[in-house]
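Only one structure is covered here, and it is reproduced in the block below.
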Protein chains: 2
Amino acid sequence: MTEFNEKQIEILQVAEKLFADEGFDGASIRTIAKDAGVNIAMISYYFGSKEKLLEALIMYRTSDMKMQLESILGDDLPPFDKIDRLVDLYINRINRHKCMYQIMHFELSTKKRILSMESFMNVKKENTAIFRKIIQEGQDAGVFRTDIIADLIPATVMGTLVHIRNNRAYFEQIYGFDTEEKFEAYMNTEVTKHIKQTIKALLANEN
Amino acid sequence: MTEFNEKQIEILQVAEKLFADEGFDGASIRTIAKDAGVNIAMISYYFGSKEKLLEALIMYRTSDMKMQLESILGDDLPPFDKIDRLVDLYINRINRHKCMYQIMHFELSTKKRILSMESFMNVKKENTAIFRKIIQEGQDAGVFRTDIIADLIPATVMGTLVHIRNNRAYFEQIYGFDTEEKFEAYMNTEVTKHIKQTIKALLANEN
DNA sequence: GTTTAAATTAAACGTTTGTTTAAATTGTTT
DNA sequence: AAACAATTTAAACAAACGTTTAATTTAAAC
């Protein structure tokens, strides 16, 4: 299902931004409609309800990750280089869809909404499986340690990134960033370096 | 300021749970009042407004962290043992006040509310400074690497923890946890091990 | 050009929201 | 016991919410 037309995509994009800025409850149908340049009734008309709009949004965004992971798995690269590419992939995705991740992590943790868990979790499971294969390759090659908990590595990568983004105001203040660009530069240099360094240190086999 | 009487504390505790379960906008003054066993008007009467209730809540919870950090700094322990105690401290705090962290990380990242940033950030800054001292000790002793970004370590610890808690439904499903206890046990064993292992690997000086 | 379906609109629906009011109750002081 | 302040209450407030309706415009099909 779910080919979206131009107007629907416009609504999804506006909703993504507003949900992230003001939360699901905080963003009103009226504001979304106004920003998207459509009538309020169009949202019910296209998506059924506000809640189903959120579901559509999540599915709209969590579709292409699998492909990119498989691309890395298939590449002919040394294990540690694959880790570099993996971290870059996560960072790029969170940078590109920062609004989305903000919404997801809040709405998924809320007890009020159940969302379309099944389909969303299936995507996540598939992604975890591919990630584990990449780690397994490095372990089989004797390059990575085997006494680690591979399933928790994505949690550390994404958790660190999301945490720093959520506390952006704090980092901006202690480092004196006065523009958005400076913060983004910090994310792309220092933070990226820290995460790669951390994951590689964890995986490194001290033979 | 801010000694709270029994009734105020009751309201704060109920608000903490409801804000975390349903979000700031999702939790209504009426529900909070009902669960706390007080009249709706009492919340305005005691705290002024719903927003000020949130501020009071955050301040109420972010007061004792500094003391505990200083306790670790003052202890006479080898650097790596201090890391163990640090990670345990973070984990215990997030376990104990999981509601609080859920609220904070969402409300701080939202553009709608500005909160009482100044006082809250000052607490955070002080905590960061103490943390850095603990790392510095290990570096001075030649046990820790010096080419690391110490400021980002707490982000990795807390980010990993919060991320896993937020995606609890996912982990429950892939590991087949059917009770709250099993998930909490997982947090206290595997996740704790993973985080300690990761941070220690990052800090370890390969001499 | 007529007919049928899809898209779009403005208006209204009934709830729920946070907050305020003004009266009633309780507690404390004199 | 009287007087005063602090607490607690039920009721009302206007505003905002998500959704629905029924009428209108646009597009497609015949």
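Lettering of chains follows the sequences in order, A, B, ..., and the numbering in each one begins at 1. These numbers were taken from a predicted model, which means no experiment stands behind them.
When rounded to the nearest whole Å, the span between CD1 of B:I43 and C1' of C:dT17 equals 13 Å. Per the geometry, CD1 belonging to B:I29 stands 10 Å off C1' belonging to C:dT17, to the nearest Å. Per the geometry, CD1 belonging to A:I32 stands 14 Å off C1' belonging to D:dA16, to the nearest Å. As a whole-Å value, the separation of B:I11 CD1 from C:dG18 P is 14 Å. Residue A:K52 contributes atom NZ, which lies 16 Å from atom P of D:dG18 at whole-angstrom precision. Protein atom CE of B:M42 is 16 Å distant from nucleotide atom C1' of C:dG18, rounded to whole Å. Rounded to whole angstrom, the span from the NZ atom of B:K7 across to the C1' atom of D:dT9 amounts to 12 Å. Taking atom CD1 of residue B:I40 and atom P of nucleotide D:dA11, one finds them 11 Å apart after rounding to whole Å.
Regarding contacts with the backbone of D:dT7, a side-chain N or O of B:Y45 is found under 4.0 angstrom from either OP1 or OP2. Side-chain nitrogen and oxygen atoms of A:K50 include none within less than 4.0 Å of the OP1 or OP2 phosphate oxygen of D:dC17. Look at A:N39 and you won't find any side-chain N or O under 4.0 angstrom from OP1 or OP2 of C:dA7. OP1 or OP2 of C:dT8 sits under 4.0 Å from a side-chain N or O of A:Y46.
Of the options B:K200, B:K196, B:Q197, a side chain to side chain contact (heavy atoms under 4.5 Å, CB included) to B:V87 is made by B:K196 and by none of the others.
Rounding to the nearest 0.5 angstrom, the gap separating the CD1 atom in B:I164 from the NE2 atom in B:H194 is 6.5 Å.
Taking the six-membered ring where the residue is Trp, B:F47 and B:F4 present tilted rings, their angle falling between 30° and 60°. Between B:Y186 and B:Y175, the ring planes lie tilted relative to each other; the angle falls in the 30° to 60° range.
For B:K7 and B:Y46, the positive end is not near the middle of the six-membered ring at less than 6.0 Å and at most 45° from its axis.
The partner of D:dA29 is C:dT2, by the rule that a Watson-Crick or G-U pair needs both atom distances under 3.5 Å.
Between A:A41 and B:A41, the one whose closest nucleotide on DNA chain D sits nearer the 5' end is B:A41. Looking at which nucleotide of DNA chain D each of A:G48 and A:S28 is closest to, the 5′-most match is held by A:S28. In terms of position on DNA chain C, the residue among A:G37 and A:R30 whose nearest nucleotide sits closer to the 5' end is A:G37.
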